[in-house]
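Take a look at the structure below.
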Number of protein chains: 2
Amino acid sequence: MLEDCSITRQILDRVGDKWSVLIIVNLGAEALRFKELQRRSGGISQRMLTQTLRHLERDGLVWRKATPTVPLTVEYGLTSIGESLLGPLTSLVDWVNKNNGKIAKARIDYDHQHDTQE
Amino acid sequence: MLEDCSITRQILDRVGDKWSVLIIVNLGAEALRFKELQRRSGGISQRMLTQTLRHLERDGLVWRKATPTVPLTVEYGLTSIGESLLGPLTSLVDWVNKNNGKIAKARIDYDHQHDTQE
DNA sequence: CGGCATCCATGGCGATACTG
DNA sequence: CAGTATCGCCATGGATGCCG
């Protein structure tokens with residue numbers, strides 16, 4: 001009823017892919033340079049960071065500003081659309097933070113009563 | 001700052017995997033039997049539906065009720081935790097529905113000004 | 001009907017090395 | 001510093017076939 005079509009799926013895929021959410025949240029606080037963004041994003045490889053940023057940029061969620069200084073300076077930040085995503089996204093993240101205890105417990109219960117050992 | 005740890009990533013992975021969101025939203029309306037759920041979930045294969053349901057069940061988001069009738073009846077529905085996820089999830093889906101036009105346009109612009117033709 | 005097991009193709013993603 | 005290009009692994013997920 002909401003997402004029979006492919007567009008919605010595509011965008012949810014983007015939201016759900018391994019790094020997008022992390023990048024968006026990190027950029028939500030402030031615009032950042034490539035290296036700094038990578039540093040804040042845990043163990044993301046340089047390849048994946050580039051790729052993720054390209055996707056987000058293509059979707060109009062992130063802007064890129066390259067300054068042709070000597071060792072080249074590039075900054076990334078959220079566009080207004082990107083910022084508007086921050087709300088739904090953080091409400092989701094909040095939900096996770098609030099419920100991960102229950103979920104962890106549910107998993108233990110499930111595993112326990114399905115194969116006691118093995 | 002929010003999701004350095006692995007738990008959050010794991011759960012977001014679940015949210016972001018190809019079918020979970022669709023299943024949860026479909027079950028949000030009402031409890032459904034396996035076949036009916038499959039029918040409403042577009043082109044999901046039986047394997048993936050089973051797998052996704054197991055994951056969601058393990059996380060305590062979905063319950064499963066098997067009635068040993070002759071041709072076996074199984075119903076799935078959301079637990080209270082699962083229902084509490086419905087909120088954040090639909091706010092995300094709403095966002096997508098509201099912005100997919102802009103995103104589609106942004107993509108066209110991006111593609112156009114990056115390689116005018118292949 | 002509901003579900004598990006197997007096989008197999010695709011592609012996500014990391015590591016590495018090279019360019020501007 | 002900020003990328004692009006290449007390679008190779010392995011997880012995701014579809015198709016198919018069998019069981020309760």
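Here is how names work: the chains are called A, B, and so on, in the same order as the sequence lines, proteins then strands, and each is numbered from 1.
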Whole angstrom value for the distance that separates P of C/dC13 from CD of A/Q38:
16 Å

Expressed as a whole number of angstroms, how long is the span from A/I44:CD1 to C/dC13:C1'?
10 Å

Looking at A/D111 and A/R107, is there a salt bridge between them, counting it only when a charged N and a carboxylate O are closer than 4.0 Å?
no

Would you mind telling me which residue lines up with the more 5' stretch of DNA chain C, A/Q46 or A/P71, judged by nearest nucleotide?
A/Q46

Just to confirm, is there a sub-4.0 Å distance from OP1 or OP2 of C/dG14 to any side-chain nitrogen or oxygen of A/K18?
yes

Hey, mind stepping through A/R54 and A/E57 against salt bridge (Lys or Arg N to Asp or Glu O under 4.0 Å) and telling me if it holds?
CA-CA 5 Å; A/R54 287 298 164 279; A/E57 193 190 350; 3.8 Å; yes

Keeping A/S41 on the side-chain end and A/L37 on the backbone end, is there a donor-acceptor pair under 3.5 Å?
yes

Among C/dG20, C/dG2, D/dG14, which is the nearest nucleotide to the side chain of B/W19?
D/dG14

A/W19 CH2 to A/N26 CG distance, which is reported to the nearest 0.5 Å
10.5 Å

Verify the contact: side-chain N or O of A/R33 to OP1 or OP2 of D/dA2, cut-off strictly under 4.0 Å; return yes or no.
yes

Rounded distance in Å - CZ (A/R39) to C1' (D/dA2):
13 Å

Going from CG on A/L12 to CG on A/D17, what distance comes out if it is rounded to the nearest 0.5 angstrom?
11.5 Å

B/L72 CG to C/dG2 P, straight-line distance once rounded to whole Å
7 Å

Return no unless some side-chain N or O of A/Y76 is found under 4.0 Å from OP1 or OP2 of D/dG3.
yes

When clusters are formed by joining ILVMFWY residues with side-chain heavy atoms under 4.5 Å apart, either directly or through shared neighbours, do A/L72 and A/L32 land in the same one?
yes

Candidates D/dG14, D/dT6, C/dG2 - which lies nearest the side chain of B/K35
C/dG2

Of the residues in residues 48-57 of chain A, which ones touch DNA chain D at a heavy-atom distance under 4.0 Å?
A/T50, A/R54

Below the 4.0 Å mark, does C/dA15 have OP1 or OP2 next to a side-chain nitrogen or oxygen of A/R47?
no

Tell me if a side-chain donor or acceptor on B/T79 pairs with a main-chain N or O of B/L61 at a distance below 3.5 Å.
yes

Spacing between A/L37 atom CG and D/dA2 atom P, to the nearest angstrom
10 Å

